[in-house]
Amino acid sequence: MRAFLDSLYRLSGVLAAVGMVATLVLVASGILARPLGIYLPGTDDYAGYAMAACGFLALAYTFKHGEHIRVSLLLERAGPRLRAAMEWFSLATATAVAATLAFYAVRMVLQSHEFEEVSQGVDATPLWIPQLSMAFGSVVLLIALVDDLVMTTLGRAPARLATHSGEAARME
């Protein structure tokens, strides 16, 4: 199960990287085409979709690397038992928020598909297609948070993906 979850988090990170490269290619092609008098319809819209995908798909991967911003001022001053309770409460709260986000993101995709919503741009893209990345990223973040919450509840250290970051190494 651990190998599957780690692969899921890595897949999400790879897809985020693909979204980042797609954003670069779309924006650059739009910029380079204008002086040549070439109009590439939809590049702005698709660059926006890729940028949004990049943000949502990177959430779980970044979380599992311990790279999300943490305010640990209170945690550093707390004793071991209080710190463990605060960590658990933080994970439980984050899990509840991520569950809400995932629920509404998936619901939005289903409703966009059901009502056949399309973008306002010249490309008229069915909106459920770019919204899939938001839903997928939200669900994978929820899985990552549940993973850490379960590990913390069992008294084990949450699993972190291999990284060169010092923060993630300290958390292991």
Side-chain angles (χ1 to χ4, degrees), residues 4-72 90-91 93-149 158-168 171:
F4 170 75
L5 290 174
D6 289 347
S7 295
L8 179 64
Y9 307 142
R10 283 189 184 95
L11 171 65
S12 188
V14 166
L15 291 174
V18 169
M20 199 174 287
V21 170
T23 303
L24 170 70
V25 168
L26 288 164
V27 169
S29 64
I31 291 170
L32 295 173
R34 281 187 193 118
L36 301 174
I38 302 170
Y39 175 64
L40 299 174
T43 54
D44 293 341
D45 293 333
Y46 288 114
Y49 301 149
M51 195 180 322
C54 184
F56 279 94
L57 293 170
L59 288 172
Y61 182 81
T62 306
F63 174 72
K64 292 307 277 186
H65 273 85
E67 298 295 336
H68 279 238
I69 296 172
R70 279 176 57 127
V71 179
S72 56
S90 297
L91 280 170
T93 303
T95 301
V97 170
T100 304
L101 174 65
F103 173 79
Y104 284 106
V106 170
R107 182 176 165 192
M108 181 177 62
V109 170
L110 295 173
Q111 287 178 341
S112 290
H113 185 268
E114 178 183 347
F115 297 128
E116 299 178 2
E117 291 181 304
V118 295
S119 69
Q120 299 279 326
V122 295
D123 58 326
T125 301
L127 284 178
W128 67 270
I129 296 171
Q131 290 170 350
L132 276 175
S133 62
M134 179 181 170
F136 181 74
S138 300
V139 168
V140 176
L141 175 63
L142 174 61
I143 292 168
L145 285 162
V146 168
D147 178 14
D148 275 18
L149 183 61
R160 296 285 179 238
L161 297 171
T163 185
H164 299 295
S165 170
E167 176 67 23
M171 294 182 79

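Each residue takes its place number in the sequence, starting with 1.
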Exercise. Quick one: does Phe136's side chain get under 4.5 Å of Leu15's, heavy atoms only?
Worked result: yes
Exercise. Rounded to the nearest 0.5 Å, how far apart are CG of Leu59 and SG of Cys54?
Worked result: 10.0 Å
For this session: Sort and list the pairs that fulfil side chain to side chain donor-acceptor pair (under 3.5 Å) and have at least one residue in residues 104-113, not counting sequence neighbours.
Result: Ser112-Glu117, Ser112-Gln131
For this session: Check the pair Met134, Leu101 against side-chain contact (heavy atoms from CB on, under 4.5 Å), reporting the backbone distance first and the verdict last.
Result: CA-CA 9 Å; Met134 179 181 170; Leu101 174 65; 4.3 Å; yes
For this session: Please assess Tyr49 against Leu127 for the test side-chain contact (heavy atoms from CB on, under 4.5 Å), listing each intermediate value before the final yes or no.
Result: CA-CA 10 Å; Tyr49 301 149; Leu127 284 178; 4.1 Å; yes
Problem set entry | Intermediate values then yes/no, side-chain contact (heavy atoms from CB on, under 4.5 Å), Phe103 and Leu142 | CA-CA 10 Å; Phe103 173 79; Leu142 174 61; over 6 Å; no
Exercise. Do Asp123 and Pro41 come within less than 4.5 Å of each other through their side chains, counting heavy atoms only?
Worked result: no
Problem set entry | Ionic contact status for Arg160 with Asp148, cut-off 4.0 Å | yes
Exercise. Should we count CE of Met20 as having more than 12 external heavy atoms under 6.0 Å?
Worked result: no
Exercise. Under the 3.5 angstrom rule, does the side chain of Thr62 hit a backbone N or O of His68 as a donor-acceptor pair?
Worked result: no
Exercise. With a 4.5 Å heavy-atom cut-off, do Thr93 and Ser90 have their side chains touching?
Worked result: no
Exercise. Any side-chain donor paired with an acceptor under 3.5 Å for Tyr46 and Thr125?
Worked result: yes
For this session: Kindly determine whether Lys64 and Asp147 satisfy salt bridge (Lys or Arg N to Asp or Glu O under 4.0 Å), including the steps that lead there.
Result: CA-CA 10 Å; Lys64 292 307 277 186; Asp147 178 14; 3.2 Å; yes
Problem set entry | Residues Leu141, Phe56; criterion side-chain contact (heavy atoms from CB on, under 4.5 Å); working and verdict | CA-CA 9 Å; Leu141 175 63; Phe56 279 94; over 6 Å; no
